[in-house]
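Here the structure comes first, spelled out in C-alpha cells, and everything after it is commentary.
Note: hydrogens, waters and symmetry copies are ignored here, and every other heavy atom, side chains too, is used. Here is how names work: the chains are called A, B, and so on, in the same order as the sequence lines, proteins then strands, and each is numbered from 1. The structure displayed is predicted, hence computed values, not measured ones.
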Protein chains: 2
Amino acid sequence: MGIKERKAREKEQLRQQILSAARELFVNEGYENVSMRKIASKIEYSPTTIYLYFKDKADLLDFVCQETLLKLLNTLEQLKSEISDPVERLKKSGRAYIAFGLKYPQDYKLTFVVRPQFQEGLRLQEGSIGKKVFDYLHEIVSECVRQQIFRQVDIDTTGQVMWSAVHGVTLLLIDFPDFPWTERDKLMDAVIHTTIEGLKA
Amino acid sequence: MGIKERKAREKEQLRQQILSAARELFVNEGYENVSMRKIASKIEYSPTTIYLYFKDKADLLDFVCQETLLKLLNTLEQLKSEISDPVERLKKSGRAYIAFGLKYPQDYKLTFVVRPQFQEGLRLQEGSIGKKVFDYLHEIVSECVRQQIFRQVDIDTTGQVMWSAVHGVTLLLIDFPDFPWTERDKLMDAVIHTTIEGLKA
DNA sequence: TATTTAACTTAACATTGTTAAGTATAACAC
DNA sequence: GTGTTATACTTAACAATGTTAAGTTAAATA
C-alpha cells in the first residue's frame, strides 16, 4: 500500500509549497496586497487549487502565522537552556522577542495585530502556540518573583506588564520607522531595563 | 459676494458629511470591510462624488485618523491644566491615553497601527498632530527629569519607553479581549506604575 | 439670452475572493 | 487489458472592489 502514502506525501508537499509561497508574498508585500492569483502563479498552479488545501485566504494567513509563532517559540526556548539566572534570562528573552519582531515585522504584525481582527474568538486560547509564547514569559517572571527579586505582586499581572512593554516598543519601531527614535539597541535595552527595575522589590 | 461663500460652506458641509459617514463605518466595520460604495450610499451620493473631495480611500482614512488624534490631544491637554505635579500628571495622562484607546479601539488601531502601513513616509512628521501627542508625553517626562525625580538618562529615550508601555498594553487589551487579563484598571495601573518606578532615580 | 463653470452621475475597467462545473489522469475492480 | 470510479486539478463565471473617463444637469456669469 505504498501508493496511498506517496500520494499523501505529494499532497503535503504541495500544501507546504502553497504555504511558503504565501508566506513569502505576505511578508514582502503585505497581506492585503497579495491576491490568491499571485500566490497561485508563484507556484504555477491555478488559483482554485489553493482552495483544495485551505478554506480561504484568512485560513492561509492563519497557518502562516502559526509557523511564525513556532519560530519565535523555538528562538525563546533555546535561550531557556542557555541562561540560568532568571533576570538575565528575562532580559535576553525580551531582547530576543523584540529582535524577532523587527526581523520579521510583517509576520509579527500579522500574528499579533492583524490576525486577531480577522479571526475573532479562538486566539491565544489554551494549547495554542501564542499561549505558549506567553507562558514562556510568564514562567521566567514567576521565577523572578519566587526568588524574591521582583516585588511580590500578582504574578499574572507582572507577566502582562512585561509583555506590554516589549510588544509596545516592537510595534512602534515597526510602524514608525522614520520617527527619530533613540538608537534601536539602546531603546530596546531601556524598555527592558526600566520594566525590570520597576518590577524589582 | 455671498454666493461664493454659501457654496464654499455647502461644499465643506458635504465634506464633513463624507468624513463622518466614513468614520462611523470604518469604526464599526473595519477599514477593509468598508467600500466606497457603502460610504456613498450612506450619504446618498454616487460613489464617485467622494473622489471630488478626497484623493482616494487611504486619504479618507488619513483624515479620519487626524480627527481621532485631535480628540486624543484635547483629552490630554485638558489634564495638563488640571494637575501640577509632574509624576501625578504622567500617571493620569497614561491612564487617559490607554482609556482613550479602549474607548475608541478601532480609531486607535487605525491611527497608530493600520494607517502607517497605508501611508508610508509622512507619518509623525514635524507639525503633525501625532507628533504633538508624543510631544505632550515628552514634555511631562522632561519635567520629571528636570525635577530629578527620574534618573538622568536621555530624555528622548525616557519618553519613548513610556510610550512603548502604554501603547503596548492598549493594543494587547484591544486585540486579545478574550485573554484572561488581570482586571483592566489594575493592569493599566500596574503598567504605568512599573514604568514610572523603573524610571525613577 | 448665451456661455462657461461647478457639482454630480453613469458607465466602464481591471482586479479581487470565491464557487460551480468540467476535464484529464491515475487507481482500482474484474 | 478494459471499464469504472475517484482524485487532482483547471476553466469559466459571479458579484464586489477601488478608481477613472466621459457625460449631464443646473447654476452663475457675461
Rounded to whole Å, how long is the line connecting atom [atom1] of [X] with atom [atom2] of [N]?
X	N	atom1	atom2	result
A:Asp56	D:dA16	CG	P	18 Å
B:Gln17	C:dC8	CD	P	10 Å
B:Asp59	D:dT20	CG	P	12 Å
A:Asn33	C:dT16	CG	C1'	12 Å
A:Met36	C:dT18	CE	P	6 Å
A:Glu29	C:dT16	CD	C1'	15 Å
B:Ile39	D:dA16	CD1	P	17 Å
A:Phe54	D:dA8	CZ	C1'	16 Å

Rounded to the nearest 0.5 Å, what separation is found between the CD atom of B:Gln66 and the CG atom of B:Leu73?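 These two atoms lie 11.0 Å from each other.
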Look at the side-chain N and O atoms of A:Ser35 and state whether any lies under 4.0 Å from the OP1 or OP2 oxygen of C:dT16.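 Yes, because at least one side-chain N or O of A:Ser35 sits under 4.0 Å from OP1 or OP2 of C:dT16.
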Below 4.0 angstrom from OP1 or OP2 of C:dA7, is there any side-chain N or O of B:Lys11?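 So the side chain of B:Lys11 is within the cut-off, an N or O lying under 4.0 Å from OP1 or OP2 of C:dA7.
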Where do A:Thr194 and B:Arg151 land on the side-chain hydrogen bond (donor to acceptor under 3.5 Å, both in side chains) test, with the steps shown first? CA-CA 10 Å; A:Thr194 301; B:Arg151 229 176 310 119; 4.6 Å; no
Start at the 5' end of DNA chain C and walk down; is the nucleotide closest to A:Lys38 or to B:Glu44 reached first?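 Its nearest nucleotide lies further toward 5', so the answer is B:Glu44.
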Is the NZ or CZ atom of A:Lys57 both under 6.0 Å from the centre of the six-membered ring of A:Tyr31 and within 45° of that ring's axis?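 Yes - A:Lys57 lies over the ring of A:Tyr31, closer than 6.0 Å to its centre and within 45° of its axis.
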Would A:Arg15 pass as a cation-pi partner of A:Phe63, given that its NZ or CZ must be under 6.0 Å from the six-membered ring centre and within 45 degrees of the axis?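 Yes, a cation-pi geometry holds between A:Arg15 and A:Phe63.
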If the test is side-chain hydrogen bond (donor to acceptor under 3.5 Å, both in side chains), which one of A:Arg95, A:Lys91, A:Arg184 qualifies with A:Asp189?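 One option only clears the test, and that one is A:Arg95.
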Determine the sole option in A:Ile50, A:Ile39, A:Leu14 for which the side chain to side chain contact (heavy atoms under 4.5 Å, CB included) test with A:Tyr45 is passed.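 Testing A:Tyr45 for a side chain to side chain contact (heavy atoms under 4.5 Å, CB included) against A:Ile50, A:Ile39, A:Leu14 leaves exactly one candidate, A:Leu14.
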Side chain to side chain contact (heavy atoms under 4.5 Å, CB included) with A:Ser142: which of A:Leu137, A:Ile155, A:Asp135?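 Running side chain to side chain contact (heavy atoms under 4.5 Å, CB included) over A:Leu137, A:Ile155, A:Asp135 with A:Ser142 returns exactly one hit, A:Ile155.
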Could you please name the option among D:dC9, D:dG18, C:dG17 that lies closest to any side-chain atom of A:Leu14?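 Nearest nucleotide to the side chain: D:dC9.
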Where along residues 45-53 of chain A does a heavy atom come under 4.0 Å from DNA chain D, residue by residue in number order?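 Result for residues 45-53 of chain A: A:Tyr45, A:Ser46, A:Thr48, A:Thr49, A:Leu52, A:Tyr53, sorted by number.
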